[in-house]
Protein chains: 2
Amino acid sequence: MAKLTIRDIAALSGLSKSTVSLVLNNSPKVDPATRRHVLAVMRRNRYVPSFAATALAKGSTRLIGMVVPGLSWHMVASINLGVAAVTEQHGFDIILYTATNDRDYGSLIDRVLTSSMSSGLLVVSHEQPLEPLVQLHQEGMPVVLVNTIDADVALPSVTADNYDGARTAMDHLMQLGHERIACVQGLMRYRCCQDRYRAYLDALREAGIQPDPELTKPGDFVPEQIRARSRELFALPADQRPTAVFAQSDVTAYGVMTAAAEAGLRVPEDVSVLGFDDIESAAQIRPPLTTIQQPFVEMGKRAAELLLSEIGTNDDDPGTDAEPVGEKPSADLPRLVMPTSLIVRASCGPVPVTRSRRGRSQTTKA
Amino acid sequence: MAKLTIRDIAALSGLSKSTVSLVLNNSPKVDPATRRHVLAVMRRNRYVPSFAATALAKGSTRLIGMVVPGLSWHMVASINLGVAAVTEQHGFDIILYTATNDRDYGSLIDRVLTSSMSSGLLVVSHEQPLEPLVQLHQEGMPVVLVNTIDADVALPSVTADNYDGARTAMDHLMQLGHERIACVQGLMRYRCCQDRYRAYLDALREAGIQPDPELTKPGDFVPEQIRARSRELFALPADQRPTAVFAQSDVTAYGVMTAAAEAGLRVPEDVSVLGFDDIESAAQIRPPLTTIQQPFVEMGKRAAELLLSEIGTNDDDPGTDAEPVGEKPSADLPRLVMPTSLIVRASCGPVPVTRSRRGRSQTTKA
DNA sequence: CTGAAAGCGCTTACAG
DNA sequence: CTGAAAGCGCTTACAG
């Protein structure tokens with residue numbers, strides 16, 4: 001019952017450790033019959049090579065670190081599903097770092113990365129500084145950012161096309177006849193929120209509509225804040241009130257809907273509400289939320305593939321200090337931007353008839 | 001820039017590897033001044049011991065495996081938060097196994113466990129057979145089940161008090177005057193669902209109400225199914241229709257609410273709906289859902305503590321085959337059952353007046 | 001195609 | 001309190 005080692009397997013199969021090791025590593029140099037025999041012995045004895053010994057000898061592990069900002073987000077769960085699917089396929093396991101605060105994040109950088117515990121790092125959007133990661137990456141550690149929160153960093157990344165998603169959202173709303181469209185923003189220090197807001201503005205302008213600053217409200221992803229700001233929106237005189245609201249996340253949309261209900265407004269009859277993310281409950285709430293779906297699972301997959309390929313190429317040791325690495329022009333960095341999709345459900349409808357031809361104080365230019 | 005080893009640190013500080021190692025392991029035998037010096041050298045050079053080498057030499061890792069059933073569940077996210085909080089405190093990291101299908105689960109057993117990659121295993125409710133785990137545990141591998149789906153297994157576990165939670169839910173409903181209370185069940189092969197259902201039945205009976213089989217509907221956690229079965233409930237003649245529904249999960253409750261809306265019934269005016277879990281969106285939907293909260297984060301913490309203590313005691317090697325381990329009487333197994341809480345929101349109200357004094361075909365006994 | 005030997009970077013008795 | 005040496009379980013040239 002004591003753990004078997006390669007030596008035991010060697011003895012049991014009447015061969016040397018070397019040969020057993022070659023079998024373990026799928027070397028073509030080993031005789032097929034021998035290989036089969038060894039494999040059988042290993043199976044019969046439920047032999048599994050020591051993870052630590054292999055890692056030490058090979059100088060690398062089949063482990064990738066995944067840094068996530070607390071798992072309460074739908075996003076993280078879905079991304080992980082994608083990541084797990086591909087890492088598993090390649091025999092890699094995931095070390096999960098739930099960095100809920102700055103402390104763990106800081107220690108992580110040293111601990112994980114330098115100890116060569118993981119051969120690569122997947123970092124899901126979080127608020128900590130990325131410079132240490134950039135440096136690590138330049139020193140040869142594979143790193144991929146998923147859904148990064150920051151603007152451009154010199155790191156490979158996979159993100160959703162937030163700008164295009166928001167444009168699609170706005171197009172949908174405008175096709176329904178809406179012109180007085182409000183925007184309840186998320187955390188504007190996040191790149192994704194900036195992109196979504198820029199799209200909101202551009203969509204309006206390109207349709208010849210001058211955005212009304214009063215229709216932009218900061219929600220900051222904080223429920224109370226979202227609700228309070230939405231109330232302001234719905235307290236506007238009837239002819240200034242928005243006929244539609246673009247919420248920068250589904251949860252934000254929930255807050256908007258609550259405020260609408262409190263104001264005695266029906267969704268979508270009196271006001272349309274459109275979200276972003278397509279979290280699980282979006283289809284469950286009343287009315288089901290029309291929203292922009294982010295392809296999180298797919299993003300996770302692509303990110304894992306990217307990371308694994310980086311690890312692959314990095315397999316042959318970079319060698320001496322002599323030749324400087326990390327001079328990569330940032331143009332070389334893979335930057336995947338994944339398309340989003342509009343999920344039409346019931347929270348958006350045509351602009352109310354009584355409003356469709358008048359009261360557009362979101363001044364029309366043309 | 002090449003990775004530093006203990007040898008380098010030894011050289012840099014003018015000492016032997018042994019002494020450096022002792023410092024690394026906080027041995028009291030080392031001179032305080034020496035220790036400070038070595039520590040300084042390590043810090044200055046950003047030295048981090050090789051994870052693999054340490055693991056090999058010590059024969060154990062500071063890694064625990066966490067097996068989860070796909071991360072789309074609120075539950076898993078919260079449990080992980082708790083687990084991460086305590087493992088981190090003890091310098092342990094988490095290997096995440098997302099077992100979405102039987103295949104990965106099977107290979108996992110061999111791979112993870114025998115390779116001594118992780119020193120313990122945390123298994124969050126999943127559907128695969130637990131026997132292999134029981135065996136592993138008896139062979140000395142620390143294993144803790146969180147929110148296990150099965151009935152009693154000979155493994156330490158942490159679960160929520162599902163029975164009591166459901167009783168509390170029923171009490172709340174009955175205090176509001178409800179007697180015709182329906183139950184939309186989850187997956188009845190899960191222990192938690194059985195417990196909740198048993199509580200439903202008991203609560204009714206102890207109040208002298210004979211449960212009406214027609215008011216029990218299988219939802220199986222499948223949205224379509226939930227909605228269809230709920231529709232049947234609301235299609236009953238007015239005097240047989242339930243005035244309240246106990247849904248075995250929040251998502252189930254969403255389905256019930258949707259069906260109610262479709263049937264033109266208002267929540268809670270015409271029918272009360274009560275859930276179980278308290279997922280994030282429960283507070284966001286309209287009306288906010290009254291539900292039973294499961295203390296997932298806390299459960300994660302307790303489970304991690306349990307596991308870590310198992311690992312701790314197991315630190316001294318079990319030794320030879322000679323003395324049989326695993327004879328533990330199952331009474332010894334820690335089985336934590338955590339209390340739930342009733343979260344009162346707006347989805348439950350008093351029984352409709354027109355119904356309160358009549359139409360109780362859920363026959364009263366006394 | 002197979003084996004003997006050195007080495008991966010630590011830890012741990014054992015001396016001193 | 002510190003150092004020399006063996007060992008953890010693999011892998012990897014190098015011979016043969």
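Residue numbers start from 1 in every chain, and the chains themselves are labelled A, B, ... in the order their sequence lines are given, proteins ahead of strands.
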Original post:
With a 3.5 Å cut-off and no angle check, do the side chains of E139(B) and Q135(B) form a donor-acceptor pair?
Top reply: yes

Original post:
Judged by atom type as modelled, is there a donor-acceptor pair below 3.5 Å linking the side chain of N25(A) to the main-chain atoms of S21(A)?
Top reply: yes

Original post:
Who passes side-chain hydrogen bond (donor to acceptor under 3.5 Å, both in side chains) against S27(B), sequence neighbours left out?
Top reply: none

Original post:
Is there a donor-acceptor pair closer than 3.5 Å between any side-chain N or O of T148(B) and the backbone N or O of L145(B)?
Top reply: no

Subject >> Runs of at least three Watson-Crick or G-U pairs with DNA chain D, cut-off 3.5 Å >> reply: C:1-3 with D:14-16, C:5-12 with D:5-12, C:14-16 with D:1-3

Original post:
Which nucleotides of nucleotides 8-16 of chain D have their base under 4.0 Å from a protein heavy atom (B), which only their sugar-phosphate (S), and which neither (-), written as one string 5' to 3'?
Top reply: BBBBB----

**OP:** Can you see which heavy atom on G65(B) is nearest to which on Y97(B), and at what distance?
**Re:** CA-CE1, 4.0 Å

**OP:** With rounding to the nearest 0.5 Å, note down the distance linking CG in D31(B) to CG in L22(B).
**Re:** 12.0 Å

Original post:
Quick one: is S16(A) getting a side-chain N or O under 4.0 Å of the dG3(C) phosphate, OP1 or OP2?
Top reply: yes

**OP:** Look at the side chain of S119(B) and the backbone N and O of T61(B), then say whether any donor-acceptor pair between them is shorter than 3.5 Å.
**Re:** yes

Subject >> Any donor-acceptor N or O pair under 3.5 Å, side chains T87(A), D93(A) >> reply: no

Subject >> Contact under 4.0 Å: T34(A) side-chain N or O vs dC1(C) OP1/OP2 >> reply: no

